[in-house]
2 protein chains.
Amino acid sequence: MSSYDVKKEVTDKYSLRGRVFNKIREDILNGRYKVKEELREVAIGEEMGVSRTPVREAFRQLELEGLIQIVPNKGAYVTGITAKDVRDIYMMRSLLEGLCARWATENISKEQMEEMEENIFLSEFHASKGHAEQMAELDNRFHEIMYEACNSKMLEHALKDYHQYVLRVRKKTLSTQTRSTASNAEHRKIMEAIKEGNADMAEQLANRHMINAYENMVKNGFIEHYEEE
Amino acid sequence: MSSYDVKKEVTDKYSLRGRVFNKIREDILNGRYKVKEELREVAIGEEMGVSRTPVREAFRQLELEGLIQIVPNKGAYVTGITAKDVRDIYMMRSLLEGLCARWATENISKEQMEEMEENIFLSEFHASKGHAEQMAELDNRFHEIMYEACNSKMLEHALKDYHQYVLRVRKKTLSTQTRSTASNAEHRKIMEAIKEGNADMAEQLANRHMINAYENMVKNGFIEHYEEE
DNA sequence: TCTCGTATGATTGTATACAATTATACGAGA
DNA sequence: TCTCGTATAATTGTATACAATCATACGAGA
């Protein structure tokens, strides 16, 4: 539980605390703040023109998000993510994405099914044109559709969490041409299994899809830079 | 889940904020605060003799923990957990406990293996004596040993999260005699599979163990009371 | 009686002030 | 030169004060 994947997202983007939270989060994911860098309350507060109070509250949330670690009476430090952490998350995700595909097969709506088909159609188009930006966007969206279609807010939240978490590492993974094509083909097969109502197949394909994505990352050396310890 | 399951636990139990956090959390899990009850900052602060500041920070964390929901400018409300949520979590846990058993098979240390054997031995003893309290304790510990033995802090954290989360529902589940006996037998089989180095078997047994635990809960009607929506 | 607007109170959001803790610098003594 | 203790500065922890928002009560008008 700690929370668990049930935790709420920071929805009030318009409160100072929400804005601070999102800004720091983004800066960490973007790599502006390096691993083990110390975040000072006053500095961030001054930068955004707010007092320490909303900054501190944002820190507490970021700690539970796993992005920073707060040492009592000392400070807040950006947490690292090891290569093994990434591997573990992908293995966990693999199982849960499989479960998600299974539940999506049982619960997907007509509209969601259509959006998924459209997504794949568009992906194949942009792949043929070499549009990396749109490809990444569509890839994310494909998984989101599946998360929504599985009809479980617990599972959806867990998967979104994992997805967010590995974003730090993943960034430009999809930009290789060969992986893009393979990924599209895998998406299509998953979609077809869902459409046919073949839950076993959908689960198995989604399983494999995650593992393939991970192995591609390893092969192209996208992980090592983030190693620590 | 926010993060993800990677988020930190609240470790500084000795800060006011940490104490407030743990107290509120416990009160929610214990059922002192009912679902949808509104938590007021001043009231809780006065009760514990602290100001609003540490209470507010604790609230932010509890929100990400999924125990409360904060509506901007309105208040903090205890979140409910539906029967479907519990079911979903158990299905997710089933998969991840299986993975955990697999990794434990590959990574367990000699000391951990011995503690696990001792745990089972003690469990069977207390079962024969009908000591419900110790049984529950040992059951929790069995899973913790496996979490530690899997040698993955990501997976360990995720599983501890889920475990904590369903504690609200589970409470006295194990107290039925028949389930206690069956649970012990399942633990023993998992342990033996790990000891023999049979990862596939360990995974499969741990999978099934979770599902059995869930089905037992349903059969005995431990869930319905927590339903909402 | 019902509806709606206003006023009042309650509660949260943020800023600031002060206390406690930790880090750093510097100098005395060996 | 090195070590260690003290003083000072910097930073976090908590309390309080004020601002903004929301809920409630009440009364005027229809």
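Every chain is numbered from 1 and lettered A, B, ... according to where its sequence line falls, protein lines coming before strand lines.
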Suppose we screen for side-chain contact (heavy atoms from CB on, under 4.5 Å). Which residues come up paired with A:Ser152, at least two apart in sequence or across chains?
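With sequence neighbours excluded, A:Ser152 shows a side-chain contact (heavy atoms from CB on, under 4.5 Å) to A:Trp103, A:Cys150, A:Met154, A:Leu155, B:Lys84, B:Asp88, given in chain and number order.
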
B:Ala149: side-chain contact (heavy atoms from CB on, under 4.5 Å) partners, not counting sequence neighbours:
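Scan of B:Ala149 (side-chain contact (heavy atoms from CB on, under 4.5 Å), adjacent residues dropped) gives B:Ala104, B:Ile108, B:Gln112.
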
To the nearest Å, how far apart are [X] [atom1] and [N] [atom2]?
X       : N      : atom1 : atom2 : value
A:Lys74 : D:dG13 : NZ    : P     : 12 Å
B:Phe59 : C:dG13 : CZ    : P     : 10 Å
A:Arg56 : C:dT16 : CZ    : C1'   : 14 Å
B:Ile70 : C:dG13 : CD1   : P     : 7 Å
A:Asn73 : D:dA10 : CG    : P     : 18 Å
A:Arg17 : C:dT12 : CZ    : P     : 13 Å

In terms of the angle between their ring planes, are A:His126 and A:His131 parallel, tilted or perpendicular, with boundaries placed at 30° and 60°?
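Tilted: the ring planes of A:His126 and A:His131 meet at 30° to 60°.
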
Scan residues 37-52 of chain B against DNA chain D and write down, sorted by residue number, each residue with any heavy atom closer than 4.0 Å; if none is found, say none.
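Close to the strand are B:Val50, B:Ser51, B:Arg52.
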
Nucleotide nearest B:Thr53 (side chain, heavy atoms from C-beta), chosen from C:dT16, C:dT12, D:dT14:
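Of all the options, the side chain of B:Thr53 is nearest to D:dT14.
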
Applying salt bridge (Lys or Arg N to Asp or Glu O under 4.0 Å), name anything that partners B:Arg141, two or more places apart in sequence or on another chain.
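Partners of B:Arg141 by the salt bridge (Lys or Arg N to Asp or Glu O under 4.0 Å) criterion, ordered by chain and then number, come out as B:Glu115, B:Glu144, B:Glu148.
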
Name all residues meeting the salt bridge (Lys or Arg N to Asp or Glu O under 4.0 Å) criterion together with A:Glu47; count only those two or more places apart in sequence or in a different chain, and write none if there are none.
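With sequence neighbours excluded, A:Glu47 shows a salt bridge (Lys or Arg N to Asp or Glu O under 4.0 Å) to A:Lys23, A:Arg32, given in chain and number order.
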
Let's go through B:Lys160 and B:Glu156 carefully: what are the C-alpha distance in whole Å and the side-chain angles of both, what is the deciding distance for salt bridge (Lys or Arg N to Asp or Glu O under 4.0 Å) to 0.1 Å, and is it a yes or a no?
CA-CA 6 Å; B:Lys160 282 185 177 174; B:Glu156 179 178 356; 3.0 Å; yes

Check the side chains of B:Gln61 and B:Arg25 for a donor-acceptor pair under 3.5 angstrom, ignoring hydrogens and angles.
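The answer is no; no qualifying pair exists.
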
Hey, does the Lys NZ or Arg CZ of A:Arg93 hover above the aromatic six-ring of A:Tyr90, less than 6.0 Å from the centre and inside 45° of the axis?
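Yes, A:Arg93 sits over the ring of A:Tyr90.
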
Taking a pair as Watson-Crick (N1 to N3 plus N6-O4 or O6-N4) or G-U wobble (N1-O2 and O6-N3), both under 3.5 Å, which stems of 3 or more consecutive pairs involve DNA chain D?
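Stem segments, range with range: C:1-30 with D:1-30.
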
